[in-house]
Amino acid sequence: MVLVLAILAGTVILFVTEVVRIDVAAIGVMVLIGLTDLVPPGEVFAGFSSNAVISIIAVMILGAGLDRVGVMRSVAAWLLRVGGETERRVLVSVSATVGVISAFLQNIGAAALFLPVVERVAERTGIAVSRLLMPMGFAAILGGTLTLVASGPLILLNDLLASSADSIGEDITPYGLFAPTPIGLAILTSGIALFALAGRWLLPAVPADRGSGAALPDVESIYGLDRDVRPARVPAGSTLLDDTVGTIEAGSGQVRIVAVSDHEGVALGPSRDERLVADTTVGLVGPDPAVERFVEEHGLQPIDDNPFAVLHDDSWAGLAEVVVRPGSEAVGRRVEDLRLRHHHGVVLLALHHRGEVITEGLRNQQLAAGDVMIVFAPWERLASLDEGTSFVVLTEHPLEQPRTAKRWWALGALATALGLVIVGDLQLSLALMTGAVAVLVSGVLTPDEAYRAVSWKTVFLLAALIPLGQAVETTGTAAWIADKVIGAAGDLPAWGVQLTIALLATVFTLVVSNVGATVLLVPLAANVAVGVGADPAQFGLIVALAASNAFLLPTHQVNALLMGPGGYRVPDYLRAGAAMSVLFLMVLIPAVNLFA
């Protein structure tokens, strides 16, 4: 027990100081546990085949499959329409959505599925992804308190209470599916409110280049351009009615019409001969002051519901540098004569000509060899530019578009996996891996894409920590700590004993699995409840709910999953996790006494 406590303390120190990378520290601890024989040699590496780790691998593949067929882009666009583009509104809408989904789907599954959604929302809004991923992950964990099927501890609760009833000699009525819902809603709502109100102080704004070297400047920053597509409606009294796109742009300065939406749908890169009619929505690109002035001068109406939201997705469209090839037929010709919109579906925003960036009067500009055109376009349309002999596309861009033809295969794989869990009562890892295999067999993802979709840092971190939790349990260390702490709390009032039990479950969840903490503490809590004349079922519920209070360290599956994509470090979790943990306990105890 002394050796286990020493290794446990050393692990926490390594995590907090980050002397070595956190996953490397975890692997070192795993090896040390094996060398000291705290866990049988044959079980030291058993974490790599654990239900939790295999489930994470499978759900990452399922999430990547949904992203590859464009489902997550649609979800991201819906969240932007619902939540807007301000940090607070996006944070609340994303967190609430994930929290509710986590009531019926394992929290790691919900977090993994929404990881690409949050990344796309961050790209479109310009919000640092680190400001959104942690609240989303915490909401996924908090959502596990909403129903009895949302997390392992709550799934086990009735069975553990039933077995405890025999030892304490009392009848315990089992909880229903939605028994913890009022308590869970109070906890989830308070958690979302915490980040909405205090997120500016609790959440890190991780720089894009943390841990990856200096980031290269993008096309927008090099040329001082703005690629945001701003929608505006053309009302009946607008001065633009019946004018062609080409005529409008000729007198608009730096403003370009990159898309048009009407009753027939959305047209990207409209022809310069197209005439605008009443109630058409135009997508405008240009500097903010120029766009605002253009909208005001022509009597346009800005709208909130953006039909061009997909154009904000960097994986679908963006700015690109296109060089005029020396000796090509484009040399010496005017931009207007090339008809770039008509032939290639791209919109020219600027021209780098002889050391000068030109953004006005582009139609009459004569091209020279080596000129760089900065165009806005969906990536798939750059292919026709690159295939010809006149231009060379310099900007790296996705070569493949979403496999929309495979969308129903991806959705079917996810539905199959969830159905096997809910209806077939199959082990989570096996059910999710069935869905992952379906994603591969159906061609939604190639095997190489599936391997790239897995965050192996997360896999090694979690698998390496499992032997530590096993050692804490099998050596009796956990039982000894629990017995001493609960024994010392015997003279406290009922709410003090409840708080002590909740604190103990919180600590155990950080170093032992939440299921292990629940299995260990529910019988102890039931016995303590009988001793102080309280309801043993209520005390057991406190343990099962407090097992979700795992925010201080990235040892929880969800926290470990998001650590890499968010660029988080252990101090980031300590700061935000401490506030969340305290709030969790402050809400939990009154809510349990009020609703349970």
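Only a predicted model underlies this, so the values are computations on that prediction, with no experimental measurement involved.
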Heavy-atom donor-acceptor pair, Asn549 side chain to Leu545 backbone, under 3.5 Å: no
CH2 (Trp495) with more than 12 external heavy atoms under 6.0 Å: no
Glu87 side chain near Arg200 side chain, heavy-atom distance below 4.5 Å: no
Stepwise side-chain contact (heavy atoms from CB on, under 4.5 Å) check, Phe539 with Val497: CA-CA 9 Å; Phe539 276 46; Val497 178; 3.7 Å; yes
Distance (rounded to the nearest 0.5 Å) between Leu194 CG and Thr189 OG1: 12.5 Å
side-chain contact (heavy atoms from CB on, under 4.5 Å) between Val39 and Met30, worked out: CA-CA 10 Å; Val39 171; Met30 175 182 65; over 6 Å; no
Euclidean distance, Ile61 CD1 relative to Tyr451 OH, rounded to 0.5 Å: 8.0 Å
Close side-chain approach of Phe138 to Asn559, heavy-atom, < 4.5 Å: yes
Nearest atoms (heavy-atom pairs only) where Val92 meets Ala196: CG2-CB, 3.8 Å
Pairwise distance CG(Leu3) to CG(Leu38) - rounded to 0.5 angstrom: 4.5 Å
Ser49 side chain vs Ala46 backbone, donor-acceptor pair below 3.5 Å: yes
Nearest heavy-atom neighbours spanning Ala525 and Ile501: CB-CD1, 4.0 Å
Interatomic distance, Leu185 atom CG to Leu188 atom CG [nearest 0.5 angstrom]: 7.0 Å
Closest non-hydrogen atom pair between Thr475 and Ala471, with its separation: OG1-O, 2.6 Å
Over 12 foreign heavy atoms within 6.0 Å of CE, Met1: yes
4.5 Å side-chain heavy-atom contact, Ile183 and Leu541: yes
Heavy-atom pair of closest approach, residues Gly540 and Leu157: O-CD1, 3.5 Å
Test item: Phe584 and Leu142 side chains (from C-beta on) under 4.5 Å apart, heavy atoms: yes
Ser102 (side chain) donor-acceptor with Gly144 (main chain) under 3.5 angstrom: no
Validation row: Val439, Arg68 side chains within 4.5 angstrom (heavy atoms): no
Closest non-hydrogen atom pair, Ala547 against Ala505: N-CB, 4.5 Å
Value rounded to 0.5 Å, distance of CE in Met134 from CZ in Arg575: 7.5 Å
Backbone N/O of Ile33 and side chain of Thr36: donor-acceptor pair under 3.5 Å: yes
Plane angle bin for Phe460 and Phe48 - parallel if under 30°, tilted between 30 and 60°, otherwise perpendicular: perpendicular
Check: Ile127 and Leu91 side chains under 4.5 Å, non-hydrogen atoms: no
Side-chain donor or acceptor of Ser130 paired with backbone N/O of Pro204 under 3.5 Å: yes
Stepwise side-chain contact (heavy atoms from CB on, under 4.5 Å) check, Phe195 with Arg131: CA-CA 9 Å; Phe195 283 121; Arg131 310 281 293 182; over 6 Å; no
Nearest heavy-atom neighbours spanning Ser548 and Ile141: O-CG2, 3.0 Å
Gap separating the CG atom of Leu420 from the OG1 atom of Thr434, nearest 0.5 angstrom: 5.5 Å
Any Phe114 side-chain heavy atom under 4.5 Å of Ile101 side chain: yes
Minimum side-chain heavy-atom gap Met136-Leu562 below 4.5 Å: yes
Parallel, tilted or perpendicular: rings of Tyr568 and Tyr573 (30°, 60°): perpendicular
Main-chain N/O of Leu146 paired with Thr181 side-chain donor or acceptor, under 3.5 Å: yes
side-chain contact (heavy atoms from CB on, under 4.5 Å) assessment of Ile589 paired with Asn593: CA-CA 6 Å; Ile589 302 303; Asn593 286 290; 3.6 Å; yes
